[in-house]
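Presented below is the structure to which this report refers.
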Amino acid sequence: MTDIQIAVPAANWCGEGPVWSAANQALYWTDINRFLWQRYHPETATVRHWIFHEPVCAAALTSRPGVFLLALGSKLIVWDEANDSRTPFAAPETNWPASRLNDGRPSPFGDFWVGSMQNNVDEQGQATPVTEKHLGTLYRVLADGSATVEDRELGISNTLCWSPDKTRFYFGDTMQNTIFVWDYDATTGQIANKRPFFSGFDRGRPDGSAVDSDGYLWNARYGGSCLVRVAPDGSVDRVVDMPVSNLTSCTFGGPDLKTLFVTSARQPGELRAGSVFSLNVEVAGLPEEIFSLPG
């Protein structure tokens with residue numbers, strides 16, 4: 001593993017939701033509190049952003065080239081990079097604005113899984129305290145826009161990942177300091193048999209994650225100044241110290257998927273907080289799953 005680098009000195013308030021586009025060889029990610037959707041081309045070291053009118057929380061590649069599914073605070077929309085068009089798609093969270101969508105990812109089945117939480121972002125993007133531990137819901141959104149509820153009474157929904165053999169689904173609740181695992185059926189997209197997978201780790205709380213091709217889960221620790229690589233049996237394989245406190249999520253990118261991009265959030269007194277970091281790893285990540293957008 002090589003030295004940790006600042007890929008983008010973004011100064012994000014809350015960088016999140018990183019997605020690697022192999023077709024564009026570019027990293028896309030959000031700044032939830034500044035309502036931004038962003039793109040970074042490593043080859044040219046160029047950055048672009050698009051402004052929205054509410055938090056941009058998560059994203060997915062879709063079956064249409066250049067078209068993304070974006071999870072805003074209140075709803076899911078279809079966004080076309082070519083013309084910046086924004087088309088409403090679904091609104092699974094019915095408790096907006098008391099609750100908002102948070103972390104999300106497409107599954108091997110081709111649907112989109114997204115969790116919610118107490119809304120902690122006001123109309124000006126300022127953070128408000130999270131006090132409710134039971135307002136979050138885990139949704140499964142199908143290609144026709146319909147949604148099912150898969151779990152309830154969650155604090156802060158984070159980490160949505162699948163194992164390389166597509167038999168496990170990982171999902172975390174930051175407020176419980178726990179990442180759970182379910183049995184996953186890739187033929188139906190259904191989950192069963194929820195149990196704790198990684199719980200009680202004392203450096204920060206679990207935020208977003210990514211799984212590598214050996215089935216190890218890389219978890220960003222909010223408030224913990226580190227990433228932790230967790231083995232399939234739930235044991236700690238390694239801890240990677242990071243130069244800022246609030247790591248928010250990660251994804252694998254680069255031509256060989258051996259660059260781990262890590263987003264972060266601001267913290268008073270930390271000049272590098274809010275940057276996007278990168279580090280090279282020995283084991284490649286998994287390609288991003290694709291949401292099966294109709295049409």
- Note on the structure: Applying salt bridge (charged side-chain N to carboxylate O under 4.0 Å, His left out) to K75 and not counting sequence neighbours gives E54

- Residues forming a ring pair (Phe, Tyr, Trp, His ring centres under 6.0 Å) with Y170, sequence neighbours excluded: F197

- Query: With sequence neighbours left out, what residues match N158 under side-chain contact (heavy atoms from CB on, under 4.5 Å)?
  - Reply: E16, N102, D103, I156, T174, D207

- D241: partners by side-chain contact (heavy atoms from CB on, under 4.5 Å), with sequence neighbours left out: R203, C226, V239

Identify all side-chain donor-acceptor contacts of residues 18-27 below 3.5 Å with residues at least two apart in sequence or on another chain.
| residue | atom | partner | partner atom | Å |
| --- | --- | --- | --- | --- |
| S21 | OG | N24 | N | 3.1 |
| N24 | ND2 | Y28 | OH | 2.9 |
| Q25 | NE2 | A22 | O | 3.1 |

- Task: Please list, chain by chain and in numerical order, all residues satisfying side-chain contact (heavy atoms from CB on, under 4.5 Å) with S292, sequence neighbours excluded.
- Result: none

- Mind checking salt bridge (charged side-chain N to carboxylate O under 4.0 Å, His left out) for E81 and listing every partner two or more places apart, or none if nothing turns up? R39

- Here the ring-ring contact (aromatic ring centres under 6.0 Å, His included) pairs for residues 128-159, sequence neighbours left out, are none

- ring pair (Phe, Tyr, Trp, His ring centres under 6.0 Å) against F277, all qualifying residues, sequence neighbours excluded: none

- Looking only at side chains, do T128 and Q126 share a donor and an acceptor under 3.5 Å apart? no

- Message: Under the rule for side-chain contact (heavy atoms from CB on, under 4.5 Å), what residues qualify as partners of R34, not counting sequence neighbours?
- Response: N12, W13, D31, L36

- Query: Which ILVMFWY residues are connected to Y222, directly or by a chain of links, through side-chain heavy atoms under 4.5 Å apart?
  - Reply: none

- D183: what forms a salt bridge (charged side-chain N to carboxylate O under 4.0 Å, His left out) with it, not counting sequence neighbours? R195

- Task: Go through the side-chain N and O atoms of T263 and S249 and say whether any donor and acceptor fall under 3.5 Å apart.
- Result: no

